[in-house]
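See structure below.
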Amino acid sequence: MNDELLYNIALTQIPHVGAVHAKNLLSIYGDAKSIFKAPKHHLEKIEGIGTVRAAAIRNYTDFVACESEMIFLEKKKISALFMSDENFPKRLLNCYDHPILLFYRGNADLNASKIISIVGTRNNSEYGKQFCEQFINSLKEEQIMVISGLAFGIDTISHKQCLKQGISTVGVLAHSLDRIYPAENKNMAKHMLDNGGLLSEFKSGTKPDRENFPKRNRIVAGMSDAVIVVESGKKGGSIITAEIANSYNRDVFAVPGRVIDERSEGCNYLIRQNKAVLLNDADQMLELMNWKSSKQKPVQQISLFLNLNPDEQIIADLLAQRSHSIDEIYSKTELAGSKIASALLMLEMNGVINCLPGKIYQLNH
């Protein structure tokens with residue numbers, strides 16, 4: 001048995017210890033096994049843990065169930081992605097409440113350079129269907145990965161159209177990977193494994209219970225550069241996803257609809273409250289995200305007339321290749337967050353770079 005994976009799984013199963021608590025503990029102890037070995041009186045002194053959670057950690061004994069989970073993962077060829085793993089979706093690491101462990105089947109790169117989520121009502125109109133299909137058709141040449149929730153309606157339309165166009169698409173599930181809900185999407189989900197994948201934070205045997213869907217929605221929002229809301233009621237799950245995306249500083253776009261159409265109430269509300277950009281078509285989104293296809297410019301060394309410090313030089317050289325999102329800058333430079341923020345500020349003040357919509361940075365030539 002993989003000892004590290006055993007304790008990583010166990011850490012997600014401790015009663016009263018959620019993802020935020022687990023991340024705090026990991027920052028102190030370094031790994032999951034050390035958390036379980038820590039003295040109770042040490043755990044009790046950690047902010048947010050206290051006596052109840054400390055007791056839950058020390059009293060946890062159900063490692064046999066964790067071993068069974070590992071056997072299930074191996075049998076089904078499911079990858080367990082811990083937050084420190086190279087293939088863990090790095091965009092999620094910037095979200096305060098991200099899961100520490102994900103289960104994944106598929107061939108898509110969860111850290112692709114361009115990722116959007118498309119969400120919407122389960123009871124779509126023909127207008128929503130047509131917009132969704134046309135929007136996705138326009139993405140065919142853009143090498144953009146599309147995420148959705150595998151639900152009826154807009155989610156299913158998005159996944160299916162991506163498969164038709166050969167666009168990588170990932171379904172984030174509100175249940176474990178040993179089932180597909182709704183069952184009508186089983187065949188589609190099977191095809192997604194060959195051009196995308198299925199992702200979940202839930203261990204085997206987890207049903208699509210109501211409380212799991214908001215958890216699923218935060219992953220849909222956090223993994224993306226932008227969230228596209230096609231149709232939604234004012235209180236739909238898609239609105240929850242959009243609100244979460246806003247809290248994560250992700251870009252949100254909404255497709256406007258008739259004021260008398262209940263399926264457009266949510267989108268119109270987001271636009272009216274300045275919580276989403278009114279979306280007309282894919283070209284508009286591509287332009288605002290600075291994702292328009294163009295021939296890559298040759299790398300330029302930016303240092304002739306500027307006195308850049310080493311951190312600024314690293315970022316300037318990176319942006320000389322092409323524009324990058326803030327998440328890509330974090331990932332590719334491996335500089336500390338404070339150093340990146342300081343360097344970006346100075347570069348922008350000196351006119352070396354521009355910050356575009358979507359938190360995309362480009363070099364001024």
Side-chain angles (χ1 to χ4, degrees), residues 5 8 19 23 26 73 77-119 139 141-150 158-159 162 166-173 177 192-201 215-228 241 244-245 248-251 285-286 289-291 293 296 314-315 317-319 321-337 340 344 356 358-362:
L5 178 56
N8 287 344
K23 283 184 290 182
L26 286 166
L73 296 175
K77 294 181 171 56
I78 296 171
S79 299
L81 304 177
F82 197 62
M83 58 180 285
S84 57
D85 292 345
E86 182 180 351
N87 294 326
F88 188 90
K90 290 181 173 54
R91 288 171 176 82
L92 281 178
L93 296 177
N94 295 320
C95 307
Y96 73 96
D97 59 348
H98 70 77
I100 63 170
L101 183 65
L102 291 169
F103 303 110
Y104 178 55
R105 287 187 68 195
N107 60 9
D109 178 6
L110 302 180
N111 290 297
S113 61
K114 303 172 186 176
I115 302 178
I116 64 170
S117 293
I118 301 178
V119 298
L139 303 180
E141 305 300 325
E142 302 298 331
Q143 295 184 328
I144 295 173
M145 189 169 84
V146 175
I147 296 174
S148 198
L150 211 77
S158 299
H159 291 309
C162 283
I167 296 171
S168 181
T169 183
V170 172
V172 183
L173 310 182
L177 291 177
M192 288 170 64
L193 297 178
D194 297 323
N195 191 26
L198 302 174
L199 187 71
S200 174
E201 69 173 303
K215 295 178 182 178
R216 184 272 310 271
N217 293 344
R218 86 189 194 287
I219 297 176
V220 170
M223 279 185 62
S224 311
D225 299 304
V227 172
I228 315 298
T241 305
I244 295 172
Y248 291 162
N249 292 315
R250 301 297 191 259
D251 288 281
M285 186 273 292
L286 293 170
M289 297 297 292
N290 196 35
W291 285 352
S293 294
Q296 185 168 315
I314 289 172
I315 294 175
D317 289 343
L318 177 67
L319 296 179
Q321 301 173 35
R322 65 173 178 83
S323 302
H324 284 77
S325 69
I326 184 64
D327 288 333
E328 290 174 325
I329 294 173
Y330 277 108
S331 174
K332 294 186 177 183
T333 64
E334 297 184 350
L335 296 172
I340 291 176
L344 288 174
L356 304 173
K359 294 192 176 179
I360 304 293
Y361 288 89
Q362 73 172 15

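- Minimum interatomic distance between L101 and F88 (heavy atoms only, all atoms of both residues): N-CE1, 4.5 Å.
- Atom NZ of residue K23 and atom CE of residue M83 lie 6.5 Å apart, to the nearest 0.5 angstrom.
- Expressed to the nearest 0.5 Å, how far CG of L93 lies from NE2 of H98 amounts to 5.0 Å.
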Inset, instruction - Please lay out, stage by stage, how S113 and E328 fare under the test side chain to side chain contact (heavy atoms under 4.5 Å, CB included). - result: CA-CA 7 Å; S113 61; E328 290 174 325; 3.3 Å; yes
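- The side-chain contact (heavy atoms from CB on, under 4.5 Å) test with I329 singles out one residue from L335, I360, L344, and that residue is L344.
- Counting heavy atoms from C-beta on, the side chains of R250 and C95 come closer than 4.5 Å.
- Scanning all heavy atoms of the two residues, the minimum distance from L139 to I144 falls at CD2-CD1, 4.0 Å.
- Across all non-hydrogen atoms, the minimal contact from G196 to S168 is CA-OG, 3.7 Å.
- The minimum heavy-atom distance between S323 and N290, with the atom names listed, is OG-ND2, 2.9 Å.
- Between M145 and D109, every side-chain heavy-atom pair lies at or beyond the 4.5 Å cut-off.
- At least one side-chain heavy atom of Y248 sits under 4.5 Å from a side-chain heavy atom of R218.
- Side-chain atoms of T241 do not come within 3.5 Å of backbone N or O of A221 as any donor-acceptor pair.
- Distance check, rounded to the nearest 0.5 Å: OG1 of T169 to CG of N195 gives 8.0 Å.
- Counting only distance, with no hydrogens or angles, the side chain of S117 and the backbone of V220 share a donor-acceptor pair below 3.5 Å.
- Among all heavy-atom pairs drawn from Y104 and L198, the shortest one is CD1-O, 3.2 Å.
- Between the CD1 atom of I118 and the SG atom of C162 there is a distance of 6.0 Å, given to the nearest 0.5 Å.
- Between L92 and I219, some side-chain heavy-atom pair lies under the 4.5 Å cut-off.
- By the side chain to side chain donor-acceptor pair (under 3.5 Å) test, D85 is found to be paired with no residue, residues two or more places apart in sequence or in another chain being considered.
- Atom CE in M289 sits 4.5 Å away from atom CG in D251 (nearest 0.5 Å).
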Legend entry - Test side chain to side chain contact (heavy atoms under 4.5 Å, CB included) applied to V119 and N217, step by step: CA-CA 9 Å; V119 298; N217 293 344; over 6 Å; no
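- Contact check for I116 versus M285: side-chain heavy atoms found under the 4.5 Å cut-off.
- Between D225 and R91 there is a salt bridge, with a side-chain nitrogen of the basic residue lying less than 4.0 Å from a carboxylate oxygen of the acidic one.
- Listed for the H159 side chain is a donor-acceptor partner under 3.5 Å among the backbone atoms of L150.
- Among residues two or more places apart in sequence or in another chain, the salt bridge (Lys or Arg N to Asp or Glu O under 4.0 Å) test is passed with R216 by none.
- The backbone N or O of L193 lies less than 3.5 Å from no partner atom in the side chain of R105, so there is not a single donor-acceptor pair.
- The CG atom of N8 sits 7.0 Å away from the CD1 atom of I100 when rounded to the nearest 0.5 Å.
- Looking only at side-chain heavy atoms (C-beta outward), L110 and L102 stay at 4.5 Å or farther from each other.
- Nearest heavy-atom pair, L177 versus L199, reported as atom, atom and distance to 0.1 Å: CD2-N, 4.3 Å.
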